[in-house]
A.B. asks: 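Have a look at the structure that comes next, please.
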Protein chains: 2
Amino acid sequence: MKNQSDIGLEARLTAPLERMLASFAPVGIEGTALIRSSFTSAPQQQPSGAAIPMDPERNQARLVASGWIARGAMLNDGRRQIVGLSLPGDVIVASGSVDADLQVWALTEIVTVDATAFWTMLSEPGALASPLKEAWRRCRTAERLRMARQVIRLGRLNAYERTAHLLLELHERQVRLGSARNGALHLPLTQDVLADILGLSAVHMNRTLQQLRRNVLVDYRTGRTVLQDLPGLVQAANLSAVCGPLIPAPF
Amino acid sequence: MKNQSDIGLEARLTAPLERMLASFAPVGIEGTALIRSSFTSAPQQQPSGAAIPMDPERNQARLVASGWIARGAMLNDGRRQIVGLSLPGDVIVASGSVDADLQVWALTEIVTVDATAFWTMLSEPGALASPLKEAWRRCRTAERLRMARQVIRLGRLNAYERTAHLLLELHERQVRLGSARNGALHLPLTQDVLADILGLSAVHMNRTLQQLRRNVLVDYRTGRTVLQDLPGLVQAANLSAVCGPLIPAPF
DNA sequence: CGAGTCTTTGATGCATATCAAGCTTAGTGG
DNA sequence: CCACTAAGCTTGATATGCATCAAAGACTCG
């Protein structure tokens, strides 16, 4: 188990978190130092498809260092709904109220680190590290907003609108991480999984993606996807004055 | 403007909040005192139907003292989706990230009080008032869980299941508040509004409620509704090992 | 080269939306 | 007390978006 500060050329585990926080508010040198120093335990790797047990008792929190994670629930008859995605830089917490909680699945091979220290650092010590706290606050707010958007998508948008809307959201998140540019983004999701996010059948998901491709809005392929026409997508997603700009501003 | 502690026989504004927190974890005498002392500003009343402006800049928080509130969004073409309901005892915060946020509407006549002091008290001062903080933590966790349940309802349940599921959830919330007993609960929602929560058309909402009535599960009427068969509703809602017990345990 | 996992396509059916109208209730003013 | 109105509830007819079923291509990997 080596300390994060030891890491030189190899990618730092906290890099996505640092970039995401910085995209919300300037964090400063000592903010960055604080982030790095609060992740000291050994990273943990898990294969694609693994179910990740979140211990509700310990109020466990983990930072996603790489890979994609889905939070959701499985119904008894096999229906599955993904409630949200966690990307590198995101922190997942055990909702930990009672019984059957949300489940957590690895959609790709993932690397995670314990984030309990980070979590408590941000909730406890009042005044210190104020700029960092502000960035964190905005980041959590954005997360709540994403949940709300997911509800609106599922409740009132049709398949075509839903898909456009989700793709824009994922694009915006990756722009913050620095891993998307000009509409090209990393999308390691099978159509099956996309369908379970959007509350659609896999067949209809496929047809909807074809429709977007025919309209030259999206070039979808598993792994790498290009949003060819961002303004067109915004229009397709029916995003007028609803839930903030999904086209990223320059930071 | 009189202090909360002055109030004698008339109902205390913080009563619902106190009951709800106590239903999550014991709060103790000094916890209760802390709650009461942190609401000092004048309550504000608003008529049914009012849009409540939430100032995103000031990170504004308000406690709902009485009445029902809906958070949601309006699409340009008139479609509306309600993301969540706020009942007495709930605290609403301005999501306050960027532009067009969620809107907030009063579904009934409401009374609210500024909750900024309460909010900051619970996020800032570390160790003190630990039992209160624990209750608050669980309460917020329950809120996140409700969001997740809303996503699952809209994504993967049909109209009949959705309705049963939502009614159970509202029942559970009111049991915590002490305002529901044996399935009888206060429901000041028109079918129109219910439809906008569940992502259905008003017509189909009506037919679904009739179906529940025919099956002797729910006796719905605006204002007062009786869940006649809680176990039957649980079955109808398809709640097997998904998202925790909605039938309230004795506290 | 075979086996599994994904994607694509076509055919059919159902759940829910939409449209249109009548009905019920409560409130309002003459 | 009785029109009159407006909001909500109810019902029927029709349309459609999406699910489901089934099977056939593509791809990937050992």
Side-chain angles (χ1 to χ4, degrees), chain A residues 47-50 68 70 75 77-81 105-109 153-166 187-214 218-225 236-238, chain B residues 47-50 68 70 75 77-81 105-109 153-166 187-214 218-225 236-238:
Chain A
S48 173
W68 287 45
L75 277 65
D77 55 0
R79 285 178 285 182
R80 184 174 71 155
Q81 178 63 46
W105 304 289
L107 295 176
T108 67
E109 181 172 281
R153 271 196 293 260
L154 294 175
R156 288 299 184 208
L157 300 191
N158 62 31
Y160 191 75
E161 295 165 326
R162 276 183 220 183
T163 310
H165 197 271
L166 176 69
L187 244 198
L189 305 176
T190 65
Q191 298 185 7
D192 226 350
V193 170
L194 270 177
D196 281 337
I197 299 171
L198 293 177
L200 299 170
S201 71
V203 171
H204 201 66
M205 187 72 253
N206 180 292
R207 296 195 161 117
T208 305
L209 287 169
Q210 288 178 53
Q211 208 179 336
L212 284 166
R213 185 179 318 146
R214 252 182 277 119
V218 174
D219 176 32
Y220 171 88
R221 58 193 75 176
T222 330
R224 183 140 290 275
T225 291
N238 215 320
Chain B
S48 174
W68 287 45
L75 277 64
D77 55 1
R79 285 178 286 181
R80 184 173 72 153
Q81 177 63 46
W105 303 291
L107 295 177
T108 66
E109 183 172 279
R153 271 196 293 261
L154 295 175
R156 288 299 184 206
L157 300 191
N158 62 32
Y160 191 76
E161 296 166 326
R162 276 184 221 183
T163 310
H165 197 269
L166 176 70
L187 243 197
L189 306 176
T190 66
Q191 298 186 5
D192 226 349
V193 171
L194 270 177
D196 281 338
I197 299 171
L198 293 176
L200 299 170
S201 71
V203 171
H204 200 66
M205 187 72 253
N206 180 291
R207 296 195 162 118
T208 306
L209 287 170
Q210 289 178 52
Q211 208 178 337
L212 284 165
R213 186 178 319 147
R214 253 182 277 120
V218 174
D219 177 32
Y220 171 88
R221 58 193 74 177
T222 330
R224 183 140 291 275
T225 291
N238 215 319

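In what follows, chains carry the letters A, B, and so on, assigned in the order in which the sequence lines appear, proteins first and then strands, with residues in each chain numbered from 1. Computed over heavy atoms, backbone and side chain alike; hydrogens, waters and symmetry mates excluded.
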A.B. asks: Whole-Å distance between D:dG8 P and B:D196 CG?
C.D. replies: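 Result: 12 Å.
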A.B. asks: Shortest non-hydrogen contact from B:Q191 to B:Y220?
C.D. replies: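 Here B:Q191 and B:Y220 meet closest at NE2-CE2, 3.6 Å.
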A.B. asks: Excluding sequence neighbours, so at least two apart, what forms salt bridge (Lys or Arg N to Asp or Glu O under 4.0 Å) with A:R207?
C.D. replies: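 Partners of A:R207 under the salt bridge (Lys or Arg N to Asp or Glu O under 4.0 Å) test: none.
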A.B. asks: How does protein contact run along nucleotides 16-30 of chain D, one letter per nucleotide 5' to 3', with B for base contact, S for sugar-phosphate only, - for none, heavy atoms under 4.0 Å?
C.D. replies: --BSBB---------
A.B. asks: Excluding sequence neighbours, so at least two apart, what forms side-chain contact (heavy atoms from CB on, under 4.5 Å) with B:S48?
C.D. replies: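 Residues passing side-chain contact (heavy atoms from CB on, under 4.5 Å) with B:S48: none at all.
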A.B. asks: Find the distance between CG (B:L154) and CG (A:L154) and round it off to the nearest 0.5 Å.
C.D. replies: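 B:L154 atom CG to A:L154 atom CG measures 6.0 Å (nearest 0.5 Å).
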A.B. asks: Any side-chain N or O of B:Q191 under 4.0 Å from OP1/OP2 of D:dT10?
C.D. replies: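 So the side chain of B:Q191 is within the cut-off, an N or O lying under 4.0 Å from OP1 or OP2 of D:dT10.
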A.B. asks: For B:R162, is there any backbone N or O sitting under 3.5 Å from a side-chain donor or acceptor partner on B:R153?
C.D. replies: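 Side chain of B:R153 to backbone of B:R162: no pair is present.
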A.B. asks: Measuring from atom CD of B:E161 to atom CG of A:L75, what distance do you get when rounded to the nearest 0.5 angstrom?
C.D. replies: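 Going from CD on B:E161 over to CG on A:L75, the span is 7.5 Å.
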A.B. asks: Rounded to whole angstrom units, what separation is found between the CZ atom of B:R221 and the P atom of D:dC9?
C.D. replies: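 For the pair B:R221 CZ and D:dC9 P, the rounded distance is 13 Å.
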A.B. asks: Walking along DNA chain C from 5' to 3', note the first and the last nucleotide with an atom under 4.0 Å from a heavy atom of chain B, and give both.
C.D. replies: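 Range of nucleotides within reach of chain B: C:dT16 to C:dC19.
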A.B. asks: Who pairs with B:D219 by salt bridge (Lys or Arg N to Asp or Glu O under 4.0 Å), at least two apart in sequence or on another chain?
C.D. replies: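 B:R221.
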A.B. asks: Applying salt bridge (Lys or Arg N to Asp or Glu O under 4.0 Å), can you list everything that pairs with B:R156, at least two apart in sequence or on another chain?
C.D. replies: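 Scan of B:R156 (salt bridge (Lys or Arg N to Asp or Glu O under 4.0 Å), adjacent residues dropped) gives A:D196.
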